[in-house]
Amino acid sequence: MPAATFEDIRSQAEARLEKNTKIKTMIIERLGLDVEPAVVSDNQPLFGRGLEMDSLDTLEIVVMVNNEFDVLISDDDFEAFGSINALVDFVEAREA
């Protein structure tokens, strides 16, 4: 397998940034949060002092991820909700 070129790496980074922004935007819209996606850090916790999600919000996100990416989040996949990056990592690892 040939080594990745600069353009390959750049393209992967841009795709990742797009997915992070898309998921942030979807969460904000779905939960009716009064915040701009640009001010939400990719490493900001989704619970507690982060986006202050609760258990009902979690169900909304599970449905959103399943509908948008065809990825199922089970009860055992709590690590997916650590941050935006964690959620994107989870989705990318399981996308068909």
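In this text, all values refer to a predicted model and were calculated from it rather than measured experimentally.
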- Do L17 and K22 have side chains that get closer than 4.5 Å, going by heavy atoms? no
- Item | L46 side chain reached by I61 side chain, heavy atoms, under 4.5 Å | no
- Rounded distance (nearest 0.5 Å) linking atom CD1 of I27 with atom CZ of R30: 10.5 Å
- Item | 4.5 Å side-chain heavy-atom contact, F81 and M53 | yes
- Mind checking whether L56 and I28 sit in one hydrophobic cluster, side chains of I, L, V, M, F, W, Y counted as touching below 4.5 Å? no
- Which of V40, V35, L33 passes side chain to side chain contact (heavy atoms under 4.5 Å, CB included) with K24? Answer is V40
- Task: Might you confirm whether atom CD of E36 has over 12 heavy atoms from other residues, nucleotides or ligands at distances under 6.0 Å?
- Result: no
- Task: Supply the atom-to-atom distance D57 CG to D54 CG, rounded to the nearest 0.5 angstrom.
- Result: 4.0 Å
- Message: Is there a path of hydrophobic side-chain contacts, each under 4.5 Å between heavy atoms, that joins L31 and V39?
- Response: yes
- Message: Can you confirm if the NZ or CZ of R10 lies within 45° of the ring axis of F6 and under 6.0 Å from the centre of its six-membered ring?
- Response: no
- Item | Interatomic distance, I84 atom CD1 to N43 atom CG [nearest 0.5 angstrom] | 10.0 Å
- Task: State, with a plain yes or no, whether a side-chain heavy atom of N66 is found less than 4.5 Å away from one of I73.
- Result: no
- Could you tell me whether D42 and K19 make a salt bridge, using a distance below 4.0 angstrom between a side-chain N and a carboxylate O? no
- State, with a plain yes or no, whether a side-chain heavy atom of N20 is found less than 4.5 Å away from one of L87. no
- Is T58 close to F47 at the side-chain level, that is, under 4.5 Å between some pair of heavy atoms? yes
- Message: Using 0.5 Å steps for rounding, measure from the OG1 atom of T25 to the CD atom of E18.
- Response: 11.5 Å
- Query: Are L51 and Q44 close enough that some pair of their side-chain heavy atoms sits under 4.5 Å apart?
  - Reply: yes
- Message: Treating R16 as the side-chain partner and N85 as the backbone partner, does any N or O pair qualify as donor plus acceptor under 3.5 Å?
- Response: yes
- Supply the atom-to-atom distance I9 CD1 to E14 CD, rounded to the nearest 0.5 angstrom. 12.5 Å
- Query: Taking C-beta and beyond as the side chain, do V88 and F69 meet within less than 4.5 Å on heavy atoms?
  - Reply: no
- Task: For the residue pair S11 and D8, confirm or rule out a side-chain donor-acceptor distance under 3.5 Å.
- Result: no
